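Working notes for the structure below.
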Amino acid sequence: MDPDETVRGDAPAGDDATWFDALFAAHAGAVHRYLVRRLPAGGADAEDLAADVLATAWRRRDDVPRGAELPWLYRTAGYVLANHRRKARPTPVALVPEVPEDVDPAALALDDDHVRAVLARLSPRDRRILLLVAWEGLDGEGLAQVLGVSRGGADAALSRARARLRTAWDAESAAAPPDDGEAAQAGTR
Amino acid sequence: MSRDEGRDETQGPTPGEPQEPGDAAFDRLRAADPAAGVGTPAGLRANVDGRLAEDGPAAVPGAGTPGAAVARDEAVVDELAARRRRRPWLAAAAVAAFAVVGGGGYLLGGGAFAAGAGAGDESAGASTAEAPVVLGGAPGGRSGAQEGAAGREAAGDAAGGASVGAAEDSAGSTASTAGDGLPSWYDSGRANFHGTGLSTDGGTAEAYAFDATDVATREGAARLADALGVAGKPRWEYGSWAAGPRDGDGPTIWLSVDGSATFSYNDPDADPWRCEEVAARATEDGGTAADDDGDGCADRDTKPAGDKAARTAMTDVMTRLGVDPSGFEIEVGEQTEDEPGRWVTAFQVVDGARTGAQWSATVGPEGVAWLDGFLAGTTDLGEYPVISPAEAVDRLGDPRFSGSAWPVTYAEGADYAEPEQPTKPTAPPAPPAAGDKVDWPVSDVEITEARLGLALQTQTGGAVALVPAYELSDADGNAWSVLAVADASTDFSASR
């Protein structure tokens, strides 16, 4: 056998490591951005929390669904974030939500105040759904996996959230007209 | 790190949902993404490994496996991966491929078969071949013929065997979204099938198989490495053959010992995003895009390859690997703004139909940067007896052949109708009356059209065959698939 030929077919740990390398290469940036979006601007916490999420993925590698890693990571990031907030400000255990409230508009790293005001008019669940699609770019299937609901349920929830976003947008625009709506939209692709 | 850097980059998320026209609020929300253009911190992997090291030295991924520190802190590699995410199904494929996922196997592989396709020519802009028939019970197996989100989903499913579970889930939950005017199988997954005007004549049809025995070997890996200019001898790694440096310092190949001889190739030097990142970091560090650090980025061509060049890059590399491109239909993805890479896909065509096996490449200004394909040759298994279209419809109701009533292709516009939101308060449903019959809706589906084609089918031992299969359609365009090979030529024995 050649010295450069290493046999690892019998080393499952090696397969896991390869899987984790691929997971890291494909998704570490997405996890980091997920946290950047949901933490106060300029916070250095995003990287540390991303490392927590990814370390959790390795520790619980047997639970991570192969082929649906990213939704699992987003879900875990939501819990890690909720945990982080809980540590940062004392919260009675009874008030800790079952579903991580990871999109409090006041805490979002958001420059667009009109968008922030519109989001504040929505329920936490609607905000969570909208941001997972608008920012994380999840599709219906991914959304279903993050929310832990059926694909049909996720599609319906998204369409309702979008409808309520439009309503909230109109209401907020009537109350406080957006200053630079045209400019911001011109910036979208 | 500043969250404002590179704000205008196109690194944002892939819009997952089809845009609803005129949804200004959603557009504005999307544009407000605070993480647009935020890259992966260079030290993130070290940070993760540091945490895991606290669990004990053996708890770090790859601990004890030499060379597993591959590209640990290669921010460049991470960025590339993030970029590739823009084609989500490709990223999924990469994960599946790297993880050597067991079970059904992904369909990146296939055969190098050239006969009678005539599709690889320059003029092949639109597909002239029939779509592949996709077998295996409908859930999630939507055919690529459908455009848009569903089509992407199909591509994802085809590319990643690991997503099979999720796909089943998807179809299962499809049921709950049935809206007005949809057939009840959309809800229940149950149907009775009957044919109208279908032939009762059976016949014979050609079957094929992929032969990986001479290529998915150490020698095959060496030939692959040679042809692609990859240095070093093949080494056996994680159940596959690999060659090239482990540190991202040069081109690498990876060849799976599967029935299709699936392989992948990456040339970091040709990667169209590498220099963008190098330049961005140099600017960030207060300097200019440095050309004295040996990265060779200063005078590189950054103009994306044109359609023709991208296509030629694919046909050239196929030819170099001994595969005749004329056995494939080649499609070049649309050029998008600020996107230095071009995506090229070569769909294998046999007997005028796509088989579902394909090659895909990312072509940068300097050539092929990423390539996934299969090296197994396609051998003719001769003629097999096939059942008639009318009998095929009967098989749809036979649990040995059909898992459910969900189609493999949905009629246009049938996709996920939104349930109506009640505008007024509604009353809860009344309970059934005593003695009422129990509801168990079963759709009646009338099959009006049958097409005999080929479907990729993994055999029990892992070999991959192209078997005759019917695609059966109703008048609305929903289509179901079923094996066409007659019982006499089908081995039903199972391990338990």
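Only a predicted model underlies this, so the values are computations on that prediction, with no experimental measurement involved. Chain A is the first sequence line, chain B the second, and so forth, proteins listed ahead of strands; every chain is numbered from 1.
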**OP:** Measure the CZ-CZ distance between B:R45 and A:F24 for me, rounded to the nearest 0.5 Å.
**Re:** 6.0 Å
**OP:** Tell me, for A:D52 versus chain B, whether the close heavy atoms (under 4.5 Å) come from the side chain, the backbone, both or neither.
**Re:** both
Subject >> Flag side-chain contact, heavy atom, 4.5 Å: B:L29 against A:V118 >> reply: no
Subject >> Any donor-acceptor pair under 3.5 Å from A:W58 side chain to B:D49 backbone >> reply: no
Subject >> Results of salt bridge (charged side-chain N to carboxylate O under 4.0 Å, His left out) for A:D62 - residues two or more places apart only >> reply: none
Original post:
Which residues satisfy the side chain to side chain contact (heavy atoms under 4.5 Å, CB included) test with A:A154, sequence neighbours excluded?
Top reply: A:L143, A:A144, A:V149
Original post:
Once you round to the nearest 0.5 Å, how far does CZ of B:F26 lie from CG of A:L158?
Top reply: 6.5 Å
Original post:
So how far is it from A:H27 NE2 to B:T40 OG1, rounded to the nearest 0.5 Å?
Top reply: 12.0 Å
**OP:** Give the minimum heavy-atom separation between A:A51 and B:V48, together with the two atoms involved.
**Re:** CA-CG2, 3.7 Å
**OP:** Grab the two heavy atoms, one from B:A35 and one from A:R33, that are nearest each other, plus how far apart they are.
**Re:** O-CD, 3.4 Å
**OP:** Locate the shortest heavy-atom distance separating B:R30 from A:V133; write the atom from each residue and the value.
**Re:** NH2-O, 4.3 Å
Original post:
How many angstroms lie between OG1 in A:T56 and CZ in B:R51, if you round to the nearest 0.5 Å?
Top reply: 9.0 Å
Original post:
For the atom pair CG (B:D33) and CZ (A:R37), what is the distance rounded to the nearest 0.5 Å?
Top reply: 4.0 Å
